[in-house]
2 protein chains.
Amino acid sequence: MIKKFTFNSQNILNELPSCDREFLENIMVDKKYRKNQPIFTESTLPSGIFYMQSGKVKKYKMDNDGREQIIYIYNAGEFFGYSSVLSESSYGDTTVAIENSVISFITIKDFNEILKASSSFSRLLLKSLSHEFSVLANLMAVLSQRTVRERVALNLLILHNKYKVDNKPNTYIMLSRSDLANMAGTVVETLARVLHDFKHDKLISTDGRKIELLKIERLIQVANFY
Amino acid sequence: MIKKFTFNSQNILNELPSCDREFLENIMVDKKYRKNQPIFTESTLPSGIFYMQSGKVKKYKMDNDGREQIIYIYNAGEFFGYSSVLSESSYGDTTVAIENSVISFITIKDFNEILKASSSFSRLLLKSLSHEFSVLANLMAVLSQRTVRERVALNLLILHNKYKVDNKPNTYIMLSRSDLANMAGTVVETLARVLHDFKHDKLISTDGRKIELLKIERLIQVANFY
DNA sequence: TCTAAAATTTGATTTAAATCAAGTTTTATC
DNA sequence: GATAAAACTTGATTTAAATCAAATTTTAGA
């Protein structure tokens, strides 16, 4: 089951033939973003695509009442922002760094060039997008049909894998309560209550914003999702 | 706004260079599916990909309690089922014909071949998947944060565009109440009440399973979504 | 066309989660 | 390290939507 949420995106570029990888590395320009800085905004137009070198970025949609629904969290090794370039339309969502991050930029021109030249690259993008899609589909099924308790449990499991660093034992999630609520599609008060219950049941432990999952198997049961 | 839901998928193959199109047309094998017949099922393995010639197919996920969440409805001119082939994994969702449909099949071998050979084809797939993704993202934001009334309104708008046939004036949606409820992430009883309200407000008219949208602009307002 | 089964609608009641409100803790800045 | 602001938690109340129940309509098969 956990398989669904794991996607070792680290070194994704290694899946490419070396010539394509070198071309990409040459045309990418790095930029630093501090926590809470936006990368692009809903309904503006793209001028290129992005690749996460390090850090984390949230992608969300805002509704008319200002509530945000987080759609995906990008981790090191993932491309993003290419959908609007492909459809030649404006951005349908907003992305904001939730940690200090280093993000590479590729211009539309260069992107189109490599897309045309390298079937490996387009396959890589298709694979990534398929992955994002399946995460979103799973999430949607849970968000629209299940209780807040189940929704929070599922999001904790997804985040656990995002925050997991290979070869390091102590994984903890570090995210504001409001981001967590916006992922689970609930409000902060309800989220606080659910986390309280999970702590009481010894499924998680918290220390400020740090959340550690103590009993993953039990959380999977709570999420009612395999 | 409506732009978001429209995607003239008719003749999508015409976007391809003629050589690619001809190759595809040669390797595709047509098959008829009657209403309610499944095309593939969650957690089985793919042996190829599909292209809708005519009809409609729902894609959904089932949870442990048997509730289904409809993720997308495929119309004529759309490819589907390729994500699992790309990620070399089992299907993450189930697809069932909701109308009598004609669906073409392309084997994994042929699919990989054209994917490698034609950058236009992979670009086409990326574009389609991006579109599906944005529809899903919009939907998720609405499903997880908004009232049932808003959710139903949005889904009616999406369906309206799915059922619209170019050059024909009288568009009506034709779908079971339970499919509609499963799209909006609610139960049939609640759905019936919302449709009743919409009828009372003269936003829609119904005749058995046929639903006609009378005031699209007002429905967009109700959906609270632009 | 008739009939049984399935689907849909309507009503009454319960329940999960949002909202409102107030207090407490954590974070960031001087 | 003190202080203000922001973030978070807990409690009380309201509300939207699910559930339970039953009647009515539609659909499909003989």
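Heavy atoms only: backbone and side chains are in, while hydrogens, waters and symmetry mates are out. Reminder, nothing fancy here: chain letters follow the sequence lines and each chain counts from 1.
- Between the side chains of B:Lys61 and A:Asn138, at least one donor N or O lies within less than 3.5 Å of an accepting N or O.
- The CD1 atom of B:Ile211 sits 12 Å away from the C1' atom of C:dT8 (whole-angstrom rounding).
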Tabulate protein N/O versus nucleotide N/O from nucleotides 15-17 of chain D, keeping only pairs under 3.5 Å, one per line.
unit_1	atom_1	unit_2	atom_2	d
D:dA17	OP1	B:Val148	N	2.7

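- Summarising the geometry, the separation between CG on A:Leu195 and P on D:dA7 is reported as 17 Å, rounded to the nearest angstrom.
- With a 6.0 Å radius and a threshold of 12 heavy atoms from other residues, nucleotides or ligands, B:Tyr172 has its OH atom at or below the threshold.
- Each end of the helix from C:dT1-D:dA30 to C:dC30-D:dG1 gets its own axis, taken as the rotation carrying the C1' atoms of four end pairs onto the next four within a five-pair window, and the two axes meet at 60° to the nearest 10 degrees.
- The nearest whole Å value for the distance from the CZ atom in A:Phe198 to the P atom in D:dC8 is 18 Å.
- For the OP1/OP2 pair of C:dT10 and a distance below 4.0 Å, the side-chain nitrogens and oxygens of B:His196 include at least one atom meeting the criterion.
- Per the geometry, CG belonging to A:Asn182 stands 15 Å off C1' belonging to D:dC8, to the nearest Å.
- Atom OH of A:Tyr33 has more than 12 heavy atoms from other residues, nucleotides or ligands within 6.0 Å.
- For A:Lys210 and C:dT26, the NZ to P distance is 13 Å, given to the nearest whole Å.
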Just the atom pairs and distances: protein N or O near nucleotides 20-29 of chain D's N or O, under 3.5 Å.
unit_1	atom_1	unit_2	atom_2	d
D:dC20	N4	B:Glu189	OE2	3.4

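- Relative ring orientation between A:Tyr74 and A:Phe80 is described as parallel, the plane-to-plane angle staying below 30° on a 0-90° scale split at 30° and 60°.
- Ring-centre distance between B:Phe40 and B:Phe50: below the 6.0 Å cut-off.
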Original post:
Which is it for A:Arg149 and A:Asp201 under the salt bridge (Lys or Arg N to Asp or Glu O under 4.0 Å) test, yes or no, and what are the steps along the way?
Top reply: CA-CA 13 Å; A:Arg149 196 179 152 82; A:Asp201 296 347; 3.7 Å; yes
